[in-house]
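Taking it in order: structure first as structure tokens, then the write-up.
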Amino acid sequence: MKIASWNVNSLKVRLPQVLDWLQQQQPDILALQETKLTDEHFPATEIQAAGYHAVHAGQKTYNGVALLSKQPAQEVLADIPGLEDAQRRILCATLAGIRVINLYVPNGQEVGSEKFRYKLDWLQHITRYIKQQLAAHPKLVVLGDFNVTPEDRDVHDPLAWHEQILCSTPERQALQGMLALGLNDSFRLFEQPDNIFSWWDYRAGGFRRNAGLRIDLILTSAALSSACTSASIDTAPRALERPSDHAPVLAEFTD
DNA sequence: ATGGTGGCGCGGCCA
């Protein structure tokens, strides 16, 4: 079982890269963020032709999340109880007996801003929902673009980013609160090289300099953590022409 | 370097 997540920054632009990547990697589940499409423009035919079922919660211009899977989705939910939000940032489904929660966490713009408060409030609500879901589904994965670096080792230049957006103490505490429910950052279940990231700014040659952050995560419940055999980040798509600013992240499991 | 690039969509927002 291979589970992956990729912020594609426009599925319209990135569809050929996504189809190529599905063909190469053959993940059982691929969570997408920032599709930037309404549901009526979702490329369902192309994805079906690649051998995948798909569900999508989209909107015009911004946000948008999708779940692609070899097995059809059950119990699909885009609006969680207690969080009224027009922004399409959450998509939950049961896939191959695993409860999957795909998140595009708000960026937050700047520490202390209105968008920052929205981010922290949003994380608090989703954490409450995950707590409920964990009680009902021992095999649970929460994955996506978290827009939070778990620790300084997930930051190319911790000094420059100290208490900046994506790296601040309140954001990291919110993420820790989610992990404290009984989830593991699957990437850290394994020994990893230094300076491995999942996002690089388009500006100032971020990828060329490996000036990145690790903000795309696959969190696993105890039942899945013990079955996890590897976790990695595939930087190859980030080096393609006209790439997303994020690379896909992966985790593999025994059946 | 207080900039830089990219997507959407056609001016400015968002990341």
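These values consider heavy atoms only, across backbone and side chains, with no hydrogens, waters or symmetry-generated copies. Letters A, B, ... are given to chains in the order of the sequence lines, protein chains preceding strands, and every chain is numbered from 1. Bear in mind that the values here come from a model prediction, so they are computed numbers and not experimental data.
Partners of Phe42(A) under the ring pair (Phe, Tyr, Trp, His ring centres under 6.0 Å) rule, at least two apart in sequence or in another chain, are His56(A). With sequence neighbours left out, Asn184(A) forms a side chain to side chain donor-acceptor pair (under 3.5 Å) with Ser225(A). Listed by chain and residue number, nothing satisfies the side chain to side chain donor-acceptor pair (under 3.5 Å) test with Thr235(A) (two or more places apart in sequence, or in another chain).
Residue Arg208(A) contributes atom CZ, which lies 17 Å from atom C1' of dG6(B) at whole-angstrom precision.
A heavy-atom distance below 4.0 Å to DNA chain B is reached by these residues of residues 4-13 of chain A, ordered by number: Asn9(A), Ser10(A), Val13(A). Proximity of residues 100-113 of chain A to DNA chain B (heavy atom under 4.0 angstrom from any strand atom) is restricted to Tyr104(A), Asn107(A).
To the nearest whole angstrom, the two P atoms, one in dG7(B) and one in dG3(B), are 23 Å apart. Taking atom C1' in both dC10(B) and dC14(B), the straight-line distance is 16 Å, to the nearest Å. If you take atom C1' in dC13(B) and the same atom in dG9(B), they sit 11 Å apart, rounded to whole Å. Using C1' as the reference atom, dG4(B) and dA15(B) are 13 Å apart when rounded to the nearest Å.
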* **side chain to side chain donor-acceptor pair (under 3.5 Å) between Gln133(A) and Arg99(A), worked out** => CA-CA 8 Å; Gln133(A) 289 289 292; Arg99(A) 190 64 178 161; 2.7 Å; yes

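For dG9(B), the OP1/OP2 oxygens have a side-chain nitrogen or oxygen of Lys60(A) closer than 4.0 Å.
Among residue pairs with one or both ends in residues 201-226 of chain A, those qualifying as ring-ring contact (aromatic ring centres under 6.0 Å, His included) are Trp200(A)-Phe207(A); sequence neighbours excluded.
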